[in-house]
Amino acid sequence: METDPRLYVTLPGLPMKNPVMPASGCFAFGREYAELFDLEELGAVAIKGTTGEARIGNPTPRVAETPSGMLNAIGLQNPGAQAVRDEELPFLANYDVPVLANVSGSTPEEYVVVVQTLNDAPNVGAFELNISCPNVKEGGIQFGTDPDAAAALTEAVKRVSTKPVYVKLSPNVTDVTAIARAVEAAGANGLTLINTLLGMRIDAGTGKPVLANEKGGLSGPAVKPIALRMIHDVRQGTKLPIIGMGGVQSAEDVIEFLVAGADVVAVGTANFSNPFVCPTIIRELPEWLDKLDVAHIGALRWQGEKI
Amino acid sequence: METDPRLYVTLPGLPMKNPVMPASGCFAFGREYAELFDLEELGAVAIKGTTGEARIGNPTPRVAETPSGMLNAIGLQNPGAQAVRDEELPFLANYDVPVLANVSGSTPEEYVVVVQTLNDAPNVGAFELNISCPNVKEGGIQFGTDPDAAAALTEAVKRVSTKPVYVKLSPNVTDVTAIARAVEAAGANGLTLINTLLGMRIDAGTGKPVLANEKGGLSGPAVKPIALRMIHDVRQGTKLPIIGMGGVQSAEDVIEFLVAGADVVAVGTANFSNPFVCPTIIRELPEWLDKLDVAHIGALRWQGEKI
Amino acid sequence: MKNESLTVVENKTIAAKTHEMTLSGPLVDAIDQPGTFLHVAVPGEDLVLRRPISIAAVNQGAGTCAIVYKEEGDGTERLARCRAGDQLEVLGPLGNQGFPVEEPLPGDDVLLIGGGVGVPPLYFATCELVKRGVSVSVILGFQTAAAVFYARAFNELPGCDVHVMTDDGSNGRAGTVIDALNERPYAPDWLFSCGPRGMLRAIETNAADSKTHGYVSLEERMGCGIGACFACVCETNDGASYRKICRDGPVFAFKEVVL
Amino acid sequence: MKNESLTVVENKTIAAKTHEMTLSGPLVDAIDQPGTFLHVAVPGEDLVLRRPISIAAVNQGAGTCAIVYKEEGDGTERLARCRAGDQLEVLGPLGNQGFPVEEPLPGDDVLLIGGGVGVPPLYFATCELVKRGVSVSVILGFQTAAAVFYARAFNELPGCDVHVMTDDGSNGRAGTVIDALNERPYAPDWLFSCGPRGMLRAIETNAADSKTHGYVSLEERMGCGIGACFACVCETNDGASYRKICRDGPVFAFKEVVL
Ligand SMILES: Cc1cc2nc3c(=O)[nH]c(=O)nc-3n(C[C@H](O)[C@H](O)[C@H](O)COP(=O)(O)OP(=O)(O)OC[C@H]3O[C@@H](n4cnc5c(N)ncnc54)[C@H](O)[C@@H]3O)c2cc1C
Ligand SMILES: Cc1cc2nc3c(=O)[nH]c(=O)nc-3n(C[C@H](O)[C@H](O)[C@H](O)COP(=O)(O)OP(=O)(O)OC[C@H]3O[C@@H](n4cnc5c(N)ncnc54)[C@H](O)[C@@H]3O)c2cc1C
Ligand SMILES: Cc1cc2nc3c(=O)[nH]c(=O)nc-3n(C[C@H](O)[C@H](O)[C@H](O)COP(=O)(O)O)c2cc1C
Ligand SMILES: Cc1cc2nc3c(=O)[nH]c(=O)nc-3n(C[C@H](O)[C@H](O)[C@H](O)COP(=O)(O)O)c2cc1C
Ligand code: FES
Ligand code: FES
């Protein structure tokens, strides 16, 4: 595929051919989608949240459908950092596409171990600290709701990381900008947002929660307006690059996110609705640039009369 | 319409024939819907947020559509407490249906004035303190995100109110249960949740926010899983009655909300999709009770294995 | 005002991205005033808001009415995909103030100005006026020839004098409806208009000091469509009050509200 | 594995709330193993997840395949409303492990047990087995007569011996498929099954000490359908590992995974 130079964006650690990557947890480690399309079409790949040791995840059912969205309570199932390093990342290294390694843990020490294990994987361009997984008791959400804890974790990881570090923010907070400011001050190189919103579904017929875990993380188009608002708010208070996500499913959505303040976007749930959604969006972006008559996607930012 | 005795619920100040009321702001003061159906079919009526003086609201556009939801930034337009007292409540008094008077303000004093003005309206069964309107700079959202401010406001209102007081909680917080506990301790007689989630939409074609106010409150089916989760969480920590809302549009949704922990529900956005939604839901509830074989809607509560 | 399933009788493209849909059902009986609108529930659970669309024509004999709509976004695109036989949930007719077609007398100078998809309600208004023996002049403005619709339909009405203006002159004359208005030697007795807000503002300004009884039909994003949500308000000209477009309008006299 | 728009050729009710849909399109070429499934995008933007549905039959000559589905919720209700000519986005065939229909030899004792909407993939399996000259016994379980489907279709296959069980005895014999299984004097050489988890568990337990090569097809709520989201995992019997139903299954040998 020819790449439109108007789509190039360089983010710390992530030289991207276009501003679109699959979101963490919705693309595993790329193997399955590689059977469907050439991964080199993507701007980057965010891999499944990786912990120090392998995790088996939550009981099933792990997903439930909601109006224009879904809940998931996967519970960070993953093979552990060493296996990701040895078995998964080499597969992705077959493709010329930078990897954003999503890091999770129960303690700051666990995050540090994961980063140390993946540090020297040549195709890892940057780390993304998942301080916001709502689906495991110790999945990091405590780091995501308290600015001090978030900052401390960021510092600990920055001390060992040889790559730029993005911090993935939780939307389940009163003031997302406070967390953003805290991790920026602690040395984060970028922000990603939003992770999922804590939600629940009840099966009216049985009177029980649909998810075995009862609660799960809400994603998909339903959360798009919340994501846009948070990205917009965070953008006002930081110069850090923002990887925006939450309900993106079309090139038009990408434009909305870039205008709101994201530098690039990630696509999660939409991969399940349509496994070809990322390459489709990428192919449709140039038309939007023509239509909006902008020379580069970086020019889309809305300046905001009221800011 | 014959009323099914299985549907009766008595909440503080609100003897309801059935567990369904229109939500505040989606039903004005009842006049318009009274042209469509008999308001006595409803369990109660929550009226538009009322402030001390008349408010003119925000510039238009004030609404925007989102996937399975909508944003609104009405800005609490209302004729002011005295006009509501003299011109609107008497109209509703023509119907045998209790009124939940939604109270807003910029200062605790303003809430107090509204309550004092409406106190002696005979058809007002209870007050609902809107401490969570995200759409006006001084619309009370500061009271909704800080447990101490919420408690202080509740106390101030309780001191003057001659009716039970419900506090309407904001979902835009890290820990909704903390606010619930604070207002319960301060003497609230009930809780209503959720209000809208702060969101934003961008028009990709123009690169500008769709709403004149830029941001607005997200409601509708999209937020249902968030509402259910919050109601469930709050239910675990309080014995107060809960008026649940957020995306209800069918009898099946009502069952989900009651199971999650609500005592009755309010229906907002769905009135716009279908102006007859409330009476339709009410008519369909008995079938659900038959199907689930419960003697009274109060028996639907899910006990929760994990609690 | 009723809420009913109407049946799509016909749905055809009449100009670029512009479609005319004929609907039938008992609700049609209640339609009696040009300027009123229907609040149409679009197919698909993900779109929670209805779409307000003006009534373009009514045929009480056949029990049908017509709407004309332009594909602007998700909702109107889905309407465009409806086929004959489909059912649409419709609330209407809505609006308590339409064009006062019963007031002009035969012999009065009556001018109607429509821009783009503002044209449809004026067609309904013109039908009612000519039925009463009133002659009308109509100025229709479109961007380009491909966007033009209903010019012939207006022409076929007795005593209706039609001027089409296109921005690029590809149909009728080049220019805006305001250009055409300015060429008229004197102000009309009656002026009914519908179209983009800027056009309506220019028309109102233009007629400022005249004896013209002017009326404009306004659009705004709507929630309920019946006056209950305060989404569609506009300020009155004295700044002291407001009107709900859905309930108090959608047609307002010149100077009643701020354009 | 392909993602394609398939055309609905036919969509008909074959039992209470149960429908058979025939689909055509080039994707059909790729279908070769009973037990694999299609991940069907349901009409409507509000439903973001696809629905996994087993392939019930394939006709390579006609370029069509069939699925049989029961109306359970929003998605299957919308599928039920599809009409001939409609297009459905389908990803498939999915699953790397179907029923090993190429392994049983003619003369082997082959038993297939299906419960409710677990029956469809067994029909496809039976077609393939009888094609290879293998005779099969089939036990089909349904709640009641109104729910029964495909009994005649199985009967029409050469060398296929069909036993229908209904909970209330309103069709076939009264009882469960487990009752019918227990009446058999000896364990089969091969046992392929699909149905509710409890039924599969009972069947596996029942066959515990036998020489039977048993296979069960599992269901779980799915996200991606291709192995990328970890929604549909089940534990292996040794507790040390897991399988993804969508990718490693949906058919598993007895004892491979915890039922
Ligand atoms: C009283 C009235 C009469 C109208 N009559 C006509 C007509 O006869 N023909 C016609 O083509 N159009 C008419 N419109 C405009 C028409 O309502 C919008 O073009 C239409 O709602 C756009 O919907 P969409 O789904 O295509 O756009 P989207 O952008 O997907 O719509 C999103 C939301 O915004 C609202 N919206 C978007 N644009 C407008 C607009 N211009 N005015 C009001 N709401 C809008 C929609 O109703 C919906 O709630 C009228 C509007 C009003 C208020
Ligand atoms: C491999 C596989 C093969 C299947 N084959 C068939 C078949 O041939 N015929 C048939 O009728 N059914 C089959 N099912 C079950 C079928 O997928 C569900 O009945 C269907 O998804 C229900 O969708 P709904 O929209 O009606 O229900 P909803 O409750 O609206 O569905 C909501 C969500 O839950 C999921 N879901 C609900 N029930 C199930 C279930 N039992 N299994 C998996 N996901 C579920 C849906 O896919 C959707 O994501 C199969 C399931 C799997 C996993
Ligand atoms: C099934 C699933 C698994 C996810 N796993 C992770 C994860 O491991 N780490 C993480 O940071 N985010 C995870 N997420 C969150 C997504 O990366 C993304 O932030 C969120 O889904 C919002 O984007 P979307 O609406 O496009 O899905 C997961 C989301 C889903 C749906
Ligand atoms: C147009 C609109 C106006 C609203 N106005 C108020 C209000 O005045 N006071 C209030 O407490 N809540 C107000 N709300 C919030 C609703 O009462 C309700 O909490 C929310 O919309 C969630 O319910 P829903 O999803 O059923 O709409 C408003 C909501 C909408 C959509
Ligand atoms: S649309 Fe609700 S008041 Fe006009
Ligand atoms: S459904 Fe995604 S891994 Fe099986």
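These numbers were taken from a predicted model, which means no experiment stands behind them. Atom set for the values below is all heavy atoms of this structure, side chains included, hydrogens, waters and symmetry mates excluded. Lettering follows sequence order; numbering is per chain, from 1.
Atom CG of A:Asn72 and atom CZ of D:Arg221 lie 14.0 Å apart (nearest 0.5 Å). Residue A:Glu32 holds its CD atom at 4.5 Å from NZ of D:Lys244, rounded to the nearest 0.5 Å.
Note on D:Gly223, D:Cys232, D:Cys234: by heavy-atom pairs under 4.5 Å with chain A, the leading option is D:Gly223. Chosen from D:Val233, D:Ile226, D:Val42, D:Val48, the residue pairing most often with chain A at heavy-atom distances under 4.5 Å is D:Val48.
Heavy-atom neighbours of chain A within the stretch residues 63-100 of chain D, taken at a separation under 4.5 angstrom, comprise D:Leu91.
Listed by first and then second residue, the ring pair (Phe, Tyr, Trp, His ring centres under 6.0 Å) pairs involving residues 29-70 of chain A are A:Phe27-A:Tyr33 (not counting sequence neighbours).
Of the two parts of A:Pro67, only the backbone, made up of N, CA, C and O, holds a non-hydrogen atom closer than 4.5 Å to a non-hydrogen atom of chain D. Heavy atoms closer than 4.5 Å to chain A are found in the side chain of D:Tyr242, but not in its backbone.
Under the 4.5 Å side-chain criterion, counting only non-hydrogen atoms from C-beta, A:Ser68 is not in contact with D:Glu45. At a threshold of 4.5 Å between non-hydrogen side-chain atoms, the residues A:Val63 and D:Met222 do not count as touching. Within the 4.5 Å cutoff, the side chain of A:Asn274 has heavy atoms near those of the D:Asn3 side chain.
Using a cutoff of 4.0 Å between basic side-chain nitrogens and carboxylate oxygens, A:Glu65 and D:Arg50 are not scored as salt-bridged.
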